[in-house]
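In the text below, chain A, chain B and the rest are named by the order of the sequence lines, each starting its count at 1.
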Protein chains: 2
Amino acid sequence: MFIKIDFESDMPIYEQLRRQIIKGIAKGDLEKGEQLPSVRQLAEDIGINLHTVNKTYNILKEEGYLAIDRRKGAMVKDIMPMVDEEYINNLYSELEYIIANSYCRGISKEEFLKLCEDIYDRLENKQGGEKYD
Amino acid sequence: MFIKIDFESDMPIYEQLRRQIIKGIAKGDLEKGEQLPSVRQLAEDIGINLHTVNKTYNILKEEGYLAIDRRKGAMVKDIMPMVDEEYINNLYSELEYIIANSYCRGISKEEFLKLCEDIYDRLENKQGGEKYD
DNA sequence: ATATCTGTTATATAATATATATAACAAGTA
DNA sequence: TACTTGTTATATATATTATATAACAGATAT
């Protein structure tokens with residue numbers, strides 16, 4: 001896999017892992033229906049504990065990203081999770097904070113939107129193969 | 001003050017407080033040079049411990065938002081913190097995650113940019129008074 | 001001078017979150 | 001039978017978060 005954990009980071013390992021898997025799905029590095037490594041395998045690859053991987057997998061299952069089959073392990077769901085009210089509220093509040101912080105520091109609306117646009121474009125180009133790098 | 005703490009939240013109190021102060025500065029609810037309540041006063045108002053407020057104030061001082069005078073207390077700095085490389089890297093990585101999450105859930109680039117634009121506009125209109133609500 | 005207000009420092013305590021280690025289990029597969 | 005899944009349980013260690021209490025230096029107001 002493509003996982004890189006920063007053991008010096010303030011962010012918990014299980015959360016770093018969770019975010020990288022979501023990024024992986026968004027980029028298409030992880031395709032829908034694709035099998036993920038077993039909790040033991042991934043834990044060994046990264047050099048962390050099996051329970052930490054298990055925690056991440058279960059959170060992602062709860063969020064609607066993964067399906068977990070007791071015998072086959074975890075796979076990326078065919079259908080991605082919904083945009084419910086809770087998600088929107090969270091997104092709004094998170095963006096409100098990030099934008100407030102950027103705004104205070106003098107980042108203009110245009111700069112900020114450009115940054116978001118670039119990130120979005122980079123995702124969409126990655127979809128369906130490695131046409132661009 | 002305008003602080004509302006959610007004691008059920010997973011987010012630490014000191015971090016909720018930190019974000020609300022940053023939002024307050026961005027909105028202009030807290031003006032540059034303005035005095036903040038003393039750590040004891042604010043702690044009492046919110047119903048939390050003095051040290052929790054103190055922690056937030058010191059983080060915000062470290063980040064360049066506040067100046068703390070031992071005798072007068074904390075005030076909003078006249079000059080806002082810089083956009084250094086560390087901040088940009090953090091912002092990028094944070095947005096990359098948020099956008100990946102939104103993208104997976106089917107939020108289009110246009111929807112996302114519109115949301116950011118609205119949040120930005122709302123901030124800018126709040127500046128310098130209550131012209132709009 | 002005295003009382004009162006700042007932030008600061010120190011110490012202690014409790015609860016929770018994070019991460020690991022080890023072992024065992026049920027169920028499916030080779 | 002041996003090996004693979006995730007799962008469950010137990011235990012332990014460490015770090016984070018939050019609180020409580022007390023005291024201190026320095027400035028300010030009465």
[X]-[Y] side chain donor-acceptor pair, cut-off 3.5 Å:
X     : Y     : result
A/N58 : A/Y14 : no
B/D45 : B/Q41 : yes
A/R18 : A/Y57 : no
B/S93 : B/E96 : no

Let me know the distance between [atom1] of [X] and [atom2] of [N], rounded to the nearest Å.
X     : N      : atom1 : atom2 : answer
B/Y57 : C/dT6  : OH    : C1'   : 12 Å
A/Q41 : D/dT5  : CD    : P     : 7 Å
A/E15 : D/dT16 : CD    : P     : 16 Å
A/E44 : D/dT4  : CD    : P     : 11 Å
A/Q35 : C/dG28 : CD    : C1'   : 14 Å
B/E62 : C/dT8  : CD    : P     : 11 Å
B/D69 : C/dC5  : CG    : C1'   : 13 Å

* Before giving the answer on side chain to side chain donor-acceptor pair (under 3.5 Å), spell out for A/Y87 and B/S102 the whole-Å C-alpha distance, their side-chain angles and the decisive distance to 0.1 Å. => CA-CA 9 Å; A/Y87 180 75; B/S102 296; 3.0 Å; yes
* Pairwise 5' ranking along DNA chain C for B/D10 and B/I68, keeping only the more 5' one ->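 The residue whose closest nucleotide sits nearer the 5' end is B/I68.
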* **A/M11, CE atom: more than 12 neighbouring heavy atoms under 6.0 Å** =>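 Yes.
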* Asked: Within a reach of under 6.0 Å around CD of A/E44, are more than 12 heavy atoms found that belong to other residues, nucleotides or ligands?
  ->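 Count not over threshold, so no.
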* Asked: Going 5' to 3' along nucleotides 19-30 of chain D, which nucleotides have protein heavy atoms under 4.0 Å from the base (write B), which only from the sugar-phosphate (write S), and which from neither (write -)?
  -> BBB-B---S---
* To do: Would you please confirm or rule out a distance under 4.0 Å between OP1 or OP2 of D/dT5 and any side-chain N or O of A/S38?
  =>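 For D/dT5, OP1 or OP2 has a side-chain N or O of A/S38 closer than 4.0 Å.
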* Contact class for B/N58 vs. all strands (heavy atom < 4.0 Å): base, sugar-phosphate, or nothing? ->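 Since only primed, P, OP1 and OP2 atoms lie under 4.0 Å of B/N58, the category is sugar-phosphate.
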* Choosing from D/dT7, C/dT8, D/dT17, which nucleotide comes nearest the side chain of B/Y14? ->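 It is D/dT17.
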* To do: Please figure out whether B/K55 or A/K61 has its closest DNA chain D nucleotide nearer the 5' end.
  =>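 Between the two, 5'-proximity favours A/K61.
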